[in-house]
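Inspection log for the structure reproduced underneath, given as structure tokens.
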There are 2 protein chains.
Amino acid sequence: MKQAKISDAVVKRLPIYLQVLNELKAREIKTISSQELGSRLEFNPAQIRKDLAYFGDFGRKGIGYEVDYLIDKIRHILKINQTIHVALIGAGNLGHALCNYNKYSNDNMQIVAVFDSYEPKIGTKINTLTVQPMNELAETIKQHNIRIGIITVPAQEAQNVANQLIAGGIEGILNFAPTILRAPEEVRVQHADFTKELLSLAYYLNNKEEEQDESSVD
Amino acid sequence: MKQAKISDAVVKRLPIYLQVLNELKAREIKTISSQELGSRLEFNPAQIRKDLAYFGDFGRKGIGYEVDYLIDKIRHILKINQTIHVALIGAGNLGHALCNYNKYSNDNMQIVAVFDSYEPKIGTKINTLTVQPMNELAETIKQHNIRIGIITVPAQEAQNVANQLIAGGIEGILNFAPTILRAPEEVRVQHADFTKELLSLAYYLNNKEEEQDESSVD
DNA sequence: TAGATTGTTAATCGATTAACAATC
DNA sequence: TAGATTGTTAATCGATTAACAATC
């Protein structure tokens, strides 16, 4: 265990490990080696061992990692052993989708409040939650000890919403709007913009390795 | 212009550049330097110049980059000057959200068919599209020259859907299901799993730099 | 014990950044 | 011309991988 500063690359991989481990658990596999975990993920086994070793000695030489134990450790590292309260701003289709995801996932992120600025939506229900007006945001954040805000409003409104979240004392933002948000350093902003994923996917369509063509761009 | 092989890191940044450039264009800014683009994105200017220079000499010394011209070039690189046909599998809330996004975005990705395996959904409409049964997938891919498939089904069904897409001759998959998909090398799979983003966000909540605590994990 | 696999150090690889000649 | 900014080379930094002693 070192607890130097952990690189973003490592942190990004932890949820991936967790995902596979959960699948292994569901299949009642008790133990896994970095070798095998690596082959499932197409990751280098040494990388996996190194990533995990940043946080502790979770494995056993000659044996590997115990699935249940490792799940628990990673959940602990990611803070999802404790429940984290989340607010969602933007009660559109995407907002609905996220609320549903929420129901089924077994991590302890919980959307506890939904907001929208569009008058007719206020007071409507999403599952058990009632859509609230934006002017209740700051108060609700305090009341429910909300630490993360998810932004699912159109791009033009996103910065404004972000500002309100920040003013309300939020610690992290997951932004689905296709725009760059400005935020103070102490507020972590994560961009979950699938249009970017889709566009970079497009790049690879005609660029399958050797068939690259000097003149293609120009 | 070199056209060696371009690293994933570079390709990931192109859509980000495009996004900012589009915003600049909307504000009728004609020209931008790597310096200023960098300050908006908190990217290093040299990195931006280098990224762009992989694809051509798009800038002008002493001046910077012409916004319109650069947009056009990046769109070209990403292949979104041409329309790319997309199929969406899974007509839930997330599927609906993506179909709507589609309407508003100005890139030429177009969802031209929607599929679902759940009987009652088949024949219902999402905007102008009619939800089709899975057994029409392969045929429709060919008919409409569909190159990308978006998977928005539950995790347990995702691999099965992916297999059908692959069998149908798809070139790229954008997977929203929180599971690892197996696919042959020539099919590019991009994971757009926001649960992972959310989880890594959680990590940073209590780990704000110096307040890190040796004993916290153990 | 012999075989397997970890945790970790050292070597490699690749990506980012600094610096600067070229030039608009 | 003088000032600005590119494209690109060289230097730096960081992340990945190989290798192996420790040990279950």
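These numbers come from the heavy atoms of this one structure, side chains and all, not from hydrogens, waters or symmetry mates. Numbers restart at 1 for each chain; the letters A, B, ... are given by sequence-line order, proteins then strands.
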Checklist entry - Can you list the steps and then say if E23(B) with R27(B) is a salt bridge (charged side-chain N to carboxylate O under 4.0 Å, His left out)? => result CA-CA 6 Å; E23(B) 285 173 11; R27(B) 292 167 46 202; over 6 Å; no
d([atom1], [X]; [atom2], [N]) in whole Å:
X	N	atom1	atom2	result
K50(B)	dT12(D)	NZ	C1'	12 Å
Y54(A)	dA15(D)	OH	P	7 Å
Q35(B)	dG7(D)	CD	C1'	16 Å
E42(B)	dT16(C)	CD	P	16 Å
K12(A)	dA15(D)	NZ	P	12 Å
K61(A)	dC20(D)	NZ	C1'	12 Å
D8(A)	dT16(D)	CG	C1'	16 Å
F58(B)	dT23(C)	CZ	P	19 Å

Checklist entry - What does dA21(D) pair with, Watson-Crick or G-U, if both distances are under 3.5 Å? => result dT6(C)
Item to check | Pair partner, dC13(C) [Watson-Crick or wobble, under 3.5 Å] | outcome: dG14(D)
Between [X] and [N], is there a contact of a side-chain N or O with OP1 or OP2 at under 4.0 Å?
X	N	value
R49(B)	dG7(D)	no
Y65(A)	dA4(C)	no
S34(A)	dT6(C)	yes
R13(B)	dA15(C)	no

Checklist entry - Which residue, I63(A) or A9(A), contacts DNA chain D at a nucleotide closer to its 5' end, judged by nearest heavy atom? => result A9(A)
Next on the checklist: Could you check whether D51(B) and Q47(B), counting side-chain N and O atoms only, form a donor-acceptor pair closer than 3.5 Å?
Outcome noted: no
Which nucleotide in the list [options] gets nearest to the side chain of [X]?
X	options	value
S33(B)	dT5(D), dC20(D), dT16(D)	dT5(D)
N44(A)	dA18(D), dA22(D), dG7(D)	dA18(D)
A46(B)	dT6(D), dA19(C), dA15(D)	dA19(C)
Q47(A)	dT17(D), dT8(D), dT8(C)	dT17(D)

Next on the checklist: Over all strands shown, is R60(A) touching base, sugar-phosphate only, or nothing at heavy-atom distances under 4.0 angstrom?
Outcome noted: sugar-phosphate
Next on the checklist: I need the single residue from L181(B), I146(B), I170(B), I148(B) that forms a side chain to side chain contact (heavy atoms under 4.5 Å, CB included) with L165(B). Which is it?
Outcome noted: I170(B)
Item to check | Residue from T152(A), L94(A), L174(A) passing side chain to side chain contact (heavy atoms under 4.5 Å, CB included) with L88(A) | outcome: T152(A)
Checklist entry - Are R188(B) and D8(B) within salt-bridge range, i.e. N to O under 4.0 Å? => result yes
